[in-house]
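First up is the structure itself, then whatever we jot down about it.
So you know, we letter chains A, B, ... as the sequences are listed, proteins then strands, and number each from 1.
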Amino acid sequence: MSDFRFTAVDVLSAYSYYYPLFMAYLWMIGAVFYYFRYERPPKGQRDLPRGEPEVPPALDEYPAVTIVVPCHNEGRDIEDTVGYLLASSYPNFDILLVNDGSGDETRQILDRLAAQSPKVRVIHCAANQGKAVALNTAAAMTPAEYLCCIDADALLAPHALTWLMGHFRNPRVGAITGNPRVRNRSTLLGRLQVGEYSSIVGLIKRAQRTYGRIFTVSGVVACFRKTALHDVGYWSPNMLTEDIDVSWKLQIRHWDVRFEPKAQCWILAPETLGGLWKQRLRWSTGGIQVLRKNWHIGGLWKQRRMWPVMLEYTMSVLWAYTMLVVAILWVAGLFFELPRGYRIDSFFSGWNGVMVGTTCLLQIATSLALDARYDRGALKSFYWMIWYPLAYWMLNMFTTIVAVPRAFMRNTKERAKWISPDRGLRP
Amino acid sequence: MNHHPLIERPEMQTAGQRTLYGALTLAFWAFWIYLWVPLLALLAWVLGVQQAFKYMVILGGYHHAANLLGIYALVILALGGTLVTWATYNILRFRGVERRLAPLPVSAAELMRHFGADGAALARWQSTQRLFVTHTQEGQIFRVDSMASQYAVA
């Protein structure tokens with residue numbers, strides 16, 4: 001009988017090990033299912049050369065779309081961004097650039113861009129208001145029913161808008177997010193994030209769509225139906241991650257929120273540890289803010305389809321603290337003789353380690369198989385990061401541990417004003 | 001735009017970045033290889049190494065591996081099976097069925113109410129190429145001014 005008695009530390013230790021391990025398999029299975037059900041190209045287009053974009057099917061109609069680009073000190077990037085947007089193959093769009101109180105030359109550049117193209121309109125905000133207010137302002141300033149919101153450093157692929165807009169044929173679709181691909185790959189951090197957007201973000205989004213609800217659209221590229229936004233009161237100015245918040249608000253009101261992996265968007269990722277930490281801490285704090293705001297839906301039967309999304313995020317927060325306790329006990333055990341029930345011999349003893357190593361390999365291989373068509377250079381980066389899922393969970397642990405008290409101590413009415421993040425090494 | 005969006009310029013890294021990222025890469029690769037030690041032991045056993053034979057056979061290392069793999073496979077099958085069954089059930093149940101009505105597009109009147117503008121103002125906001133917007137403390141639109149359309153703003 002004594003063999004089956006577990007101490008609390010055994011349970012914590014098991015949770016810290018098994019949760020990320022089994023989640024990895026759940027993501028892989030969900031993503032593969034998604035691929036065969038929704039993503040696999042039709043027969044004629046399966047043999048396209050790697051990196052060659054698949055052409056979207058013709059739509060019955062091409063309703064007007066306003067592409068909204070909030071800008072805060074984006075003088076360096078905005079011209080490239082607008083250049084890519086103007087090259088979009090979607091036939092019916094205009095571009096609304098929102099200068100959110102920039103202090104650099106953004107204002108002059110936006111005015112010049114507007115003078116050069118009748119498709120470009122400009123809003124100058126008198127002061128920096130934050131991304132949510134910039135987006136809300138843009139929503140009022142366009143008659144279009146569809147808004148495509150992208151970040152000022154993001155380069156939208158020519159067919160992306162058509163891929164995204166195809167989903168709105170279903171009247172219950174409120175938002176669709178695209179597939180961000182990391183552009184800057186000069187440092188280890190850049191390369192890691194190339195893999196992360198495939199092997200973690202891409203897998204999770206596909207798996208969540210297989211289930212039917214997603215945790216968040218990517219704020220860097222997402223299309224919205226204005227009617228749906230109006231229904232939920234648009235973006236919330238006090239949320240640190242307005243994209244997570246609006247995704248939950250829409251789904252709570254039973255709008256469908258989707259992911260379109262063929263809608264690619266090239267983004268800049270942080271390439272310093274400080275920049276990466278700040279970005280992830282904001283994401284993590286924002287996620288917990290949203291969880292805290294919506295905690296009540298856990299008791300509402302009408303919201304039961306959101307429960308698994310809520311459960312998954314809650315479990316990952318709990319996992320971070322569990323892992324912290326286990327790590328502290330393990331380190332303490334190296335220096336002190338701990339009582340029998342508190343000893344942690346090793347994180348990955350024996351075959352458990354092989355299992356973790358194999359899982360990393362499988363996760364990377366699955367994402368590579370699913371994503372290689374979209375990204376010619378990804379394979380080179382994957383070589384550097386077989387072990388990345390381990391690093392991802394460590395980063396996740398540290399940011400969550402710091403983010404929880406920050407989210408709870410934050411004044412719920414405090415406005416979130418973002419500053420442009422670290423965008424890596426640039427030529 | 002003609003140029004390819006990728007930026008791959010590792011030579012632009014500082015010496016500090018090279019050292020730090022090199023050390024991190026090495027540490028994680030070493031750790032990842034460490035995870036494979038039992039498999040290396042199995043390989044060594046196959047090749048007839050004494051110590052490995054002791055670990056894998058006398059101490060029953062491979063029994064443990066077989067049991068563990070069996071349990072893992074069951075859990076993964078249960079989790080993955082539940083997700084795929086749920087997804088398939090929903091696809092079949094809702095194929096061609098939309099229980100909720102398509103909502104009417106948001107009207108100009110509703111937009112006017114929400115953004116605190118009259119019809120003429122909203123029409124002007126939505127058709128002017130360059131606007132200057134002032135917000136309240138709470139982030140609501142307070143005042144909207146049209147700007148001259150030519151480029152040359154101080």
Applying a strict 4.5 Å limit to non-hydrogen atoms, the region of A:T210 in contact with chain B is both
Whatever's closer than 4.5 Å to a heavy atom in chain B on A:S117 counts as backbone
Ranking A:L21, A:L268, A:N184 by heavy-atom pairs under 4.5 Å to chain B gives rank one to A:N184
Side-chain touch A:Y25/B:L79, heavy atoms, less than 4.5 angstrom:
no
In terms of heavy-atom pairs under 4.5 Å with chain A, the winner among B:Q140, B:R143, B:Q137, B:E138 is B:E138
Heavy-atom closest pair (B:P105 atom, A:T227 atom, distance to 0.1 Å) is CA-OG1, 3.1 Å
When the 4.5 angstrom heavy-atom criterion is applied to A:L273 and chain B, the contacting part is both
Next item on the list: Would you indicate whether the side-chain heavy atoms of A:Q129 and B:V133 approach each other to under 4.5 Å?
Entry: no
All heavy atoms of B:G139 vs all of A:R415, minimum pair found to be N-NH1, 3.3 Å
Please confirm whether the backbone N or O of B:L6 pairs with a side-chain atom of A:W266, one donor and one acceptor, at under 3.5 Å?
no
Counting heavy-atom pairs under 4.5 Å with chain A, the top scorer among B:I33, B:V75, B:L104 is B:V75
Applying a strict 4.5 Å limit to non-hydrogen atoms, the region of A:E271 in contact with chain B is backbone
Turns out that what part of A:V98 lies under 4.5 Å from chain B's heavy atoms comes down to neither
Problem set entry | Side-chain donor or acceptor of B:Q126 paired with backbone N/O of A:A140 under 3.5 Å | yes
| message | I'd like to check A:T137 versus B:V144 (side-chain heavy atoms, cut-off strictly below 4.5 Å). Are they in contact? | response | no
So, the part of B:I91 with a heavy atom under 4.5 Å from chain A: the answer is side chain
Next item on the list: For side-chain contact (heavy atoms from CB on, under 4.5 Å), just list the numbers for B:R130 and A:L110, CA-CA rounded to whole Å, side-chain angles, deciding distance to a tenth of an Å, and then say yes or no.
Entry: CA-CA 10 Å; B:R130 292 173 58 233; A:L110 299 197; over 6 Å; no
For B:L20 and A:L188, run side-chain contact (heavy atoms from CB on, under 4.5 Å): C-alpha distance rounded to whole Å, both residues' side-chain angles, the deciding distance at 0.1 Å, then the answer. CA-CA 9 Å; B:L20 176 66; A:L188 172 70; over 6 Å; no
To the nearest 0.5 Å, atom OG1 of B:T82 lies from atom CG of A:L26 at 8.5 Å
When rounded to the nearest 0.5 Å, the distance separating CZ of B:F115 from CG of A:N136 is 6.0 Å
Within residues 9-17 of chain B, contacts to chain A at heavy-atom distances under 4.5 Å involve B:R9, B:P10, B:M12, B:Q13, B:Q17
Report yes if the side chains of A:R305 and B:N90 come closer than 4.5 Å at any heavy-atom pair, otherwise no.
-> yes
Cut-off 4.5 Å, heavy atoms of chain B, and the answer for A:R37 is side chain
Okay, A:L86 and chain B: the region with an atom under 4.5 Å from a heavy atom over there is neither
In this structure, CG of B:L35 is separated from CE of A:M355 (nearest 0.5 Å) by 12.5 Å
| said: Can you classify the ring geometry of A:F22 versus B:Y72 as parallel (below 30°), tilted (30 to 60°) or perpendicular (above 60°)? | reply: perpendicular
Whatever's closer than 4.5 Å to a heavy atom in chain B on A:T66 counts as neither
The interface call for A:M394 against chain B, heavy-atom contacts under 4.5 Å, is side chain
Max heavy-atom pairs within cutoff under 4.5 Å with chain B, candidates A:T187, A:T272, A:N238, goes to A:T187
So, the part of A:P118 with a heavy atom under 4.5 Å from chain B: the answer is backbone
- Query: Do B:Y21 and A:R191 have side-chain heavy atoms sitting under 4.5 Å apart?
  - Reply: no
### Query
Quick check: are there more than 12 heavy atoms from other residues, nucleotides or ligands sitting under 6.0 Å from CG of B:L92?
yes
Taken to the nearest 0.5 Å, the spacing of A:I123 CD1 from B:M147 CE works out to 11.5 Å
query = Heavy-atom distance under 4.5 Å between the side chains of A:K226 and B:L111, does that happen here?
reply = yes
Looking only at heavy atoms, the pair that brings A:P171 and B:P103 closest together is O-CD, 3.9 Å
Report all side-chain donor-acceptor pairs from residues 229-236 of chain A shorter than 3.5 Å, counting only partners two or more places apart or in another chain.
from: A:H230; atom 1: ND1; to: A:Y234; atom 2: OH; distance (Å): 2.9
from: A:D231; atom 1: OD1; to: A:R253; atom 2: NE; distance (Å): 3.4
from: A:D231; atom 1: OD1; to: A:R253; atom 2: NH2; distance (Å): 2.8
from: A:D231; atom 1: OD2; to: A:R253; atom 2: NE; distance (Å): 3.0
from: A:D231; atom 1: OD2; to: A:R253; atom 2: NH2; distance (Å): 3.4
from: A:D231; atom 1: OD2; to: A:W255; atom 2: NE1; distance (Å): 2.9
from: A:S236; atom 1: OG; to: A:D245; atom 2: OD2; distance (Å): 2.6
from: A:S236; atom 1: OG; to: A:K249; atom 2: NZ; distance (Å): 2.9

Taking A:V122's backbone N and O only, do any of them form a donor-acceptor pair with B:Q129's side chain (distance below 3.5 Å, no angle check)?
no
Max heavy-atom pairs within cutoff under 4.5 Å with chain B, candidates A:G30, A:A391, A:A207, A:G101, goes to A:A391
Rounding to 0.5 Å, atoms CG (A:L390) and CZ (B:F28) come to a distance of 7.0 Å
Q. Which is it for A:M141 and B:I141 under the side-chain contact (heavy atoms from CB on, under 4.5 Å) test, yes or no, and what are the steps along the way?
A. CA-CA 11 Å; A:M141 306 294 161; B:I141 296 169; 3.8 Å; yes
So, the part of B:S107 with a heavy atom under 4.5 Å from chain A: the answer is neither
For B:W32 and A:C360 the tightest heavy-atom approach is NE1-CB, 3.8 Å
Between the CH2 atom in B:W36 and the CG atom in A:L361, the distance rounded to the nearest 0.5 Å is 5.0 Å
Counting heavy-atom pairs under 4.5 Å with chain A, the top scorer among B:L122, B:V84, B:V106 is B:V106
So, the part of A:N170 with a heavy atom under 4.5 Å from chain B: the answer is side chain
Could you check if a side-chain atom of B:T88 sits within less than 4.5 angstrom of a side-chain atom of A:F33, using non-hydrogen atoms only?
yes
